[in-house]
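Sharing a structure with you now.
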Amino acid sequence: MPSAPPEAQARLSYRDAVREAIRCALRGDPRTFLMGEDVGRYGGSYAVSKGLLEEFGDERIRDTPLSESAFVGAGIGAALAGLRPIVEVMTVNFSLLALDQIVNNAATLSHMSGGQLNVPVVIRLATGAGRQLAAQHSHSLEGWYAHIPGLRIAVPATIDDARYMLAAALESPDPVLLFEHLYLYNMEGSLTPGIERVDLEHAAIRRPGRDVTLITYGWSLYKCLEAATTLASEGIQAEVLDLRTLRPLDDATIVSSVRRTRHAVIVDEGWRSGSLSAEVTTRLVEQAFYELDAPVARVCTAEVPVPYAKHLEETALPSAARIASAVREMLTRGGSA
Amino acid sequence: MDSSEIRTKLLSLLASVAPDIEPDRVDPGRNLRDQFDFDSMDALHFATAVSETFGIAIAETDYSQLASLTAAEQFVQAQLAAKPETPPRTVSPSE
Amino acid sequence: MRSEFRLPSLGADMERARLTQWLKQPGEQIRPGEPLATVETTKGLIDIESYDDGRLVEHLVQPGTEIPVGAALAIIETEGVSRAPPTPTPSAPRPRSPQPVGAAVESPMTAPSSAPAAPPVAAQAPAGISPAARRRARELGIALEDLATAAAGGVVHIKDVEKQAAKTPAVPTDAQAVMRASIGAAMARAKREIPHYYLGHSLDFGPARAWLTQYNAPLPVKDRLIEAVLVTKAVALAAARIEGFNGYFRGGRFVPSATVHVGAAIAVRGGGLVAPALLDADQKDLATLMRDFSALVTRVRAGHLRSGEFTAATITVTSLGGDGIDVLYPIINPPQVAIVGAGAIRDQAWVQNGQIIVRPILVLTLAADHRVTDGRVGSRFLRTIADLLAHPQSL
């Protein structure tokens, strides 16, 4: 086998992978620029853009005032004018201040102009809980955004996706929201040799199994993989499916996996009521009802504002232990195991 | 055509009509219907094959002459012996 | 659109088959009616056909594999909407109701699990049956009543169905025994579920025989008709004219068929029988019907029937004439609702115009489903067949 390129062999963090993605995009296309709060001089609130200001200058790495509505709106305007902006929103809760721009402008303009206008903006948002950032900075609102036609919602969970999803998002003529889980920034790994691009269409089977499908995305992917390892030692083969793209959902991959395993547990860090997990459940009932051997189960975040205290936060969030026990309960209910 | 040639041919016809029987297990004197559960369609298929292979006309009333392998052999031999250059389409009136 | 090509059920009694050969390879175009694969069943080798226009994408099963009914065999890429499986055309919409099951199985589904004291009856019934278990049970021919005890009080899962299937007697491997078991299963179901009534009617086959002799006389052997074809055609015409005998009993009611596909019971040498269909028998002239019949027997003898022929029959005709039996009392082949039997045609004393004369007599029998028709209309059906045979030129 030919030796892998040095980049593939090196260990890097998820943060490094996102930074490399941005750097590569800036180098490859003069229309591309990054803007957001503290992305320049401070190097980004999660240090993703550290060093980019020095490399690319303040024309292309732009610090913005603390007004999400203004700078997301500016990003939309720049995209309409032919640029390829990458807009960073520090955490997902701040995007609520830009909801009108995202939902009412970015998502609708192509439709309302009869296809004459496109909004090729990419909005990166840090999302999720787990770092004791308390109720106001620990949301998982990606399921909300996945409700909106006109937006594409993608969630990189792996080093490969962190590295290559941005390029795919910039190629899209429509607005793409990339949700980066803040817990994953420090995760280390290496790039898979041979992969140089990814799509924003397909879910991925991250671990094959025959007994149950764990459907998840983002940080919860790693909790599912941990649960699957535990379950394997008990003789239960769990398949782990990473959704990757929440809008549009890859029904074909989801349904075909569940048709094989006949059991589905959906693991979603969002709250369960009116959630993405509810949407996936419905699609399984619509498309695989006769294949199901047990009711679909969900492991979601407790329906409370995310607590600050560490032990309470851990209890509120999905965990590998809760996932494994949901699987065990599903497979043993009715005395059939 | 001698009688062993005729018999060999008849056996191969039987095998084509009823691929599920083994030619070497045919009891030549025994009725095919009793021996192999021949039904009317099998009998017709056999008669068709005999008629076409030997170029002889077989009236419906002569089907009974094909009831066993020996009977068929004698019938074919008699028909061939009586056969002029072009076989006449003589059909005996119904009984 | 991609879809799965599944092993069709080739009769109420069929549970599984062995794939013997692929007739289409990945990438090849397929058309409706074209055979895709050959499978070995209790009824011999059968070519299973496509219902779709499109292309074969991938084989999911290798030759030699034993597969249950309903299992996916291949992925096919279809160009249009998948067509309904084969031929019987219901003249009324077919209800999608499931097989009837015992009330004990169905009723407690909604009982809340927190109910403090469940009635003692509920303890024997499952709390529910998963959709996958229901489907698997149907594929394996497991009665849901039998599952009630398999998971008493709990939920019936697919594993319970498979366990139950494993408990049922092992499928015999000897071909003869397999066919015997398969006929037994279908006939046991017929006798268990169908309230049969029987009628018999003797008729003078003289006119039909005379007509047949005249028709056949100038023809080479291969173009001649046999008596069974006249009977089949007469039954087909009568079935098209008189409602209540042509179709299926499904979902608790009779679903008439707009097309008449007559199943012809054909004995398999060495034991057993099959009843594949002569399609649109009422619409075909005698010469065509004869050719179809002849080809069907040839395929049975060669052990190479087509899948559509098995499931298509909407009524059956059976004859033991060749064996010299005067009268037979047939059993309906479910889900059909009628079967006509024909005995041997034999010279007998017959009274006509006050004279005793010798005539070739045929005794026709009818076994019909009392859930659908009564003896009065059954009589009319048999007499119609007799009238048609009395005027063979009308066939």
Side-chain angles (χ1 to χ4, degrees), chain A residues 201-203 205 208-215 231 234-239 248-266 280-298 325-337, chain C residues 1-4 6 57-58 60-61 68-72 74-75 77 96-99 105 108-113 122-140 142 144 147-167:
Chain A
E201 311 282 339
H202 295 100
I205 306 292
R210 56 157 205 266
D211 297 327
V212 58
T213 303
L214 305 177
I215 301 169
L231 290 166
E234 300 165 20
I236 297 170
Q237 302 298 326
E239 178 147 309
L249 278 170
D250 178 6
D251 289 10
T253 303
I254 299 168
V255 169
S256 94
S257 171
V258 174
R259 281 197 174 137
R260 270 185 286 108
T261 65
R262 303 178 185 283
H263 297 87
V265 175
I266 301 159
V280 174
T281 304
T282 306
R283 290 183 190 214
L284 286 173
V285 170
E286 287 168 343
Q287 298 174 54
F289 179 77
Y290 294 105
E291 256 76 31
L292 291 173
D293 202 27
V296 173
R298 290 188 280 168
S325 79
V327 169
R328 284 186 209 107
E329 191 188 342
M330 171 176 284
L331 293 177
T332 57
R333 197 180 326 182
S336 78
Chain C
M1 191 191 82
R2 282 197 173 196
S3 57
E4 286 173 341
R6 291 165 181 275
V57 178
E58 187 189 351
L60 299 177
V61 172
V69 167
I75 302 285
E77 181 95 49
R96 283 190 49 103
S97 38
Q99 303 269 350
V105 177
M109 290 270 302
T110 52
S113 54
Q124 287 158 7
I129 302 173
S130 89
R134 272 178 199 278
R135 175 178 277 189
R136 193 87 180 104
R138 198 161 55 222
E139 287 168 2
L140 294 173
I142 304 280
L144 294 180
L147 292 170
T149 48
V155 175
V156 176
H157 293 281
I158 197 162
K159 269 190 263 175
D160 302 314
V161 176
E162 279 161 0
K163 264 190 229 162
Q164 184 69 25
K167 272 188 225 161

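Sequence lines set the chain letters: A, B, ... in the order given, protein chains first and strands last, and positions in each chain run from 1.
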Margin query: Checking A:Thr253 now: which residues fulfil side chain to side chain contact (heavy atoms under 4.5 Å, CB included) with it, not counting sequence neighbours?
Written below: A:Ala203, A:Ile205, A:Leu241, A:Asp250
Note to self: Could you measure the distance from the OG1 atom of A:Thr332 to the NE2 atom of C:His157? Nearest 0.5 Å is fine.
What the structure shows: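 That separation rounds to 8.5 Å.
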Check: Is the backbone of C:Ser130 close enough, under 3.5 Å, to the side chain of A:Asp293 for a donor and an acceptor to pair up by distance?
Finding: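 No, because the side chain of A:Asp293 does not come within donor-acceptor range (under 3.5 Å) of the backbone of C:Ser130.
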Checklist line | Pairwise side-chain contact, A:Glu291 with C:Arg135, heavy-atom cut-off 4.5 Å (strictly under) | finding: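 Side-chain contact under 4.5 Å: yes.
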Next item on the list: Measure the OG-CD distance between A:Ser256 and C:Glu4 for me, rounded to the nearest 0.5 Å.
Entry: 9.0 Å
